[in-house]
Amino acid sequence: MANTFSPEPSRGCVDMECLTVREARLPAAVGREVILRGWVRTRRDSKGGFSFLELNDGSCLGNIQVIVPGELPNYDSEIRQLTTGCSIQVEGLIQASPGEKQAVEVLASRIVVFGWASPETYLLQKKRHSYEFLRTIAHLRPRTNSFGAVMRVRNTVARSIHEFFQEEGFLYIHTPIITASDCEGAGAMFRVTTLDPQANPPPKAEDDFFGKPTYLTVSGQLEAEVFACSLGKVYTFGPTFRAENSNTTRHLAEFWMVEPEAAFFDLAANMDLAERFLKRILRDVLERCSEDMEFFARWVEPSAITTLEHVLQEDFIRLSYTEAIDILARSGQNFEFPVEWGRDLQAEHERYLTETHFHKPVILTDYPRTIKPFYMRLNDDERTVRAMDVLLPRVGEIIGGSQREERLDVLTQRMQEQGLRMEDYWWYLDLRRYGTVPHSGFGLGLERAVQFITGMGNIRDVIPFPRTPGSAEF
RNA sequence: UCCCCGGUAGCUCAGCAGGUAGAGCGAGCGGCUGUUAACCGCUAGGUCCCAGGUUCGAGCCCUGGCCGGGGAGCCA
């Protein structure tokens, strides 16, 4: 249904169609009388007595050119005062453009100004800005080409995630944000409390809102397992919190994670799922965000598109940790950190595998039990567990997952090994006590996926409002 | 948290035997133009991150903070 809202009482224009800039730029729109609304990117005046406006409404990367005849009643009083950032409504006729840079343009018959943006103080100028600067004005940066493109890609990825899992028969499960399991092994947690930290004497956890210490979730996995072990195939998709003091281009204190969990999936099925999943996302972005991807290829990362196409047509390498160690040891590379069975792989090692040795995504499996969490299934060799990490060139680990330990005795033994308190996990252990099944799952960091796809160098530039140590503005 | 680098006009940066500041872009004004990273000319605009110190004199040197960036660790 066409939106016919008008900012002023009707003046005979309520029957005009409201189009987005994206719709208006299609050749099929030529000849239609329409209403467009958005923000002015630039104004150019012609001494022929008329002006050009570039209008953008975020519906697509490109602007639409508006021709404003000098005859409009507010031409001198308002149109000539328009600057970057002003918001307007344009009513006019879409016509073929004689210019070379655009197929269509709008010949305005009426323009209404919603809001001004003083060029003396408006921080977004008609020039390129550094990402560092844009981060300090996170409330305005969505009005830039690059951040707008990132957000459209991010939306497409999110949509694709849901479509993929829904089509594969997974149920979307909403796991809790607040959790009482304080030792999921995924890192430092944010405490959630209503107690007054200044109170004297110091408050007791029993008196807290939930009667026990609670935290923001670091993963929905354990809860997702509950539903996998009852509904079969499920996934979670929501915010995740890590209180680690990480200051890197690929860590956030608050990020979004997708975690599928499936009963009766072994590690091979899990890997197949992960590869199919990633490829589906890439394919959808290439198809649905081609204009934005061309922008990234031109201004951000020249190989943005070809990298995705390459990943799409290649099978992911599947390699055990032990084999990887072997390759690294014989690489002849002079690594800063030693390559030794039993030690975790460093970023430089992962980068060598994906960027130098294989030139494609690599799924590493079967890591030493000592460097992986208790819930990963123990292999028959008793030295390794059924873990899998999907490594991508440039961003490194984008997916971490495993086949879960479904044997009660092995699981409890591993928990003891890692010093966990059995009573905290009574409900998790019940899944193994009653009708246990083999099952698997993984977690994908949404921002890392968007980073990989767009080629953006810093994860803080692919999330609307980044939370990092010492920074929670906006 | 560790290791490097940096904080000078709205933005991006230059300045350096220590003698109180410049450019480009942006902005304002004027010219030109169916224009489109527009172009040409002129103008305005700066507690040189903060606090101490050395010095006749500090953007520049020293000390201590604060903030930002890159790399590492942690991981998604």
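Below, chains carry the letters A, B, ... as their sequence lines are ordered, and counting in each starts from 1.
In this structure, A/Ile398 atom CD1 and B/C75 atom C1' are separated by 13 Å, rounded to whole Å.
Between the side chains of A/Glu301 and A/Ser303, a donor-acceptor pair is found at a separation under 3.5 Å. When only modelled atom types and interatomic distance are considered, A/Arg404 and A/Ser402 share a side-chain donor-acceptor pair under 3.5 Å. Between A/Thr42 and A/Glu54, the side chains place no donor N or O within less than 3.5 Å of an acceptor N or O (distance only, hydrogens not considered). In this model, no donor atom of one side chain and acceptor atom of the other lie less than 3.5 Å apart for A/Thr249 and A/Asn458. In this model, no donor atom of one side chain and acceptor atom of the other lie less than 3.5 Å apart for A/Asp57 and A/Thr20.
Of all nucleotides listed (B/G73, B/G34, B/G71), B/G34 comes nearest to the side chain of A/Ser46. Nearest nucleotide to the A/Gln102 side chain, out of B/G34, B/G73, B/U36: B/U36. Side chain of A/Pro119, nearest nucleotide from B/C74, B/G26, B/G28: B/G28. Of the candidates B/A38, B/U36, B/G28, the closest approach to any side-chain atom of A/Lys126 belongs to B/A38. Out of B/A76, B/A72, B/G28, the shortest distance to the side chain of A/Glu120 is found at B/G28. Comparing B/G73, B/G34, B/U33 against the side chain of A/Gln65 picks out B/G34 as the nearest. Among the nucleotides B/U36, B/G68, B/A72, the one closest to any side-chain atom of A/Glu132 is B/G68. Residue A/His129 has its side chain nearest to B/C11 when only B/C75, B/A72, B/C11 are considered. Candidate nucleotides B/G24, B/G34, B/C75 were compared by shortest atom distance to the side chain of A/Ser97, and B/G34 ranks first. Candidate nucleotides B/U36, B/G34, B/A27 were compared by shortest atom distance to the side chain of A/Phe50, and B/G34 ranks first.
Comparing B/U8 with B/C13, their C1' atoms sit 9 Å apart, to the nearest whole Å.
Counting any heavy atom pair closer than 4.0 Å across all strands shown, A/Gly400 reaches sugar-phosphate atoms only and no base atom. Residue contacts shown for A/Arg351 are limited to sugar-phosphate atoms, with no base heavy atom under 4.0 Å away. Within the 4.0 angstrom heavy-atom criterion, only backbone atoms of the sugar-phosphate kind lie near A/Thr249; the bases stay farther away. Across all strands, A/Glu336 comes closer than 4.0 Å to no nucleic acid atom at all (heavy-atom distances). Using a 4.0 Å heavy-atom distance criterion, A/Leu123 is classed as a sugar-phosphate-only contact. In this structure, A/Glu105 reaches the bases: a heavy-atom distance under 4.0 Å links it to at least one base atom across the strands shown. Base engagement by A/Leu252 is indicated by at least one non-hydrogen atom pair under 4.0 Å involving a base atom. At the heavy-atom level, A/Ala449 lies nowhere under 4.0 Å from the strands shown. Within 4.0 Å of A/Phe133, counting heavy atoms only, lie sugar-phosphate atoms of the nucleic acid but no base atom. The residue A/Arg41 sits apart from the nucleic acid: no heavy atom pair falls under 4.0 Å.
Contact annotation: side chain of A/Asn247 to base of B/U1, donor-acceptor pair present below 3.5 Å. Under 3.5 Å, the side chain of A/Glu100 and the base of B/U36 form no donor-acceptor pair of N or O atoms. Side chain A/Arg448 to base B/C75: a donor-acceptor pair is found below 3.5 Å. A donor N or O paired with an acceptor N or O is not found under 3.5 Å between the base of B/C75 and the side-chain atoms of A/Ser246. The base of B/G10 sits with one of its N or O atoms less than 3.5 Å from a complementary donor or acceptor on the side chain of A/Gln125.
Phosphate proximity of B/G69 to A/Arg135: present, with a side-chain N or O under 4.0 Å from OP1 or OP2.
A/Arg242 places a side-chain N or O within donor-acceptor distance of the main-chain N or O of A/Val218, the cut-off being under 3.5 Å.
Applying the Watson-Crick and G-U wobble criteria (two distances, each under 3.5 Å), B/C32 pairs with nothing in any strand. In this structure B/G6 sits in a base pair with B/C67, meeting the Watson-Crick or G-U test at under 3.5 Å. Searching all strands for a Watson-Crick or G-U wobble partner of B/G24 with both distances below 3.5 Å returns B/C11. Searching all strands for a Watson-Crick or G-U wobble partner of B/G18 with both distances below 3.5 Å returns nothing.
Between A/Phe265 and A/His439, the ring centre distance reaches or exceeds 6.0 Å.
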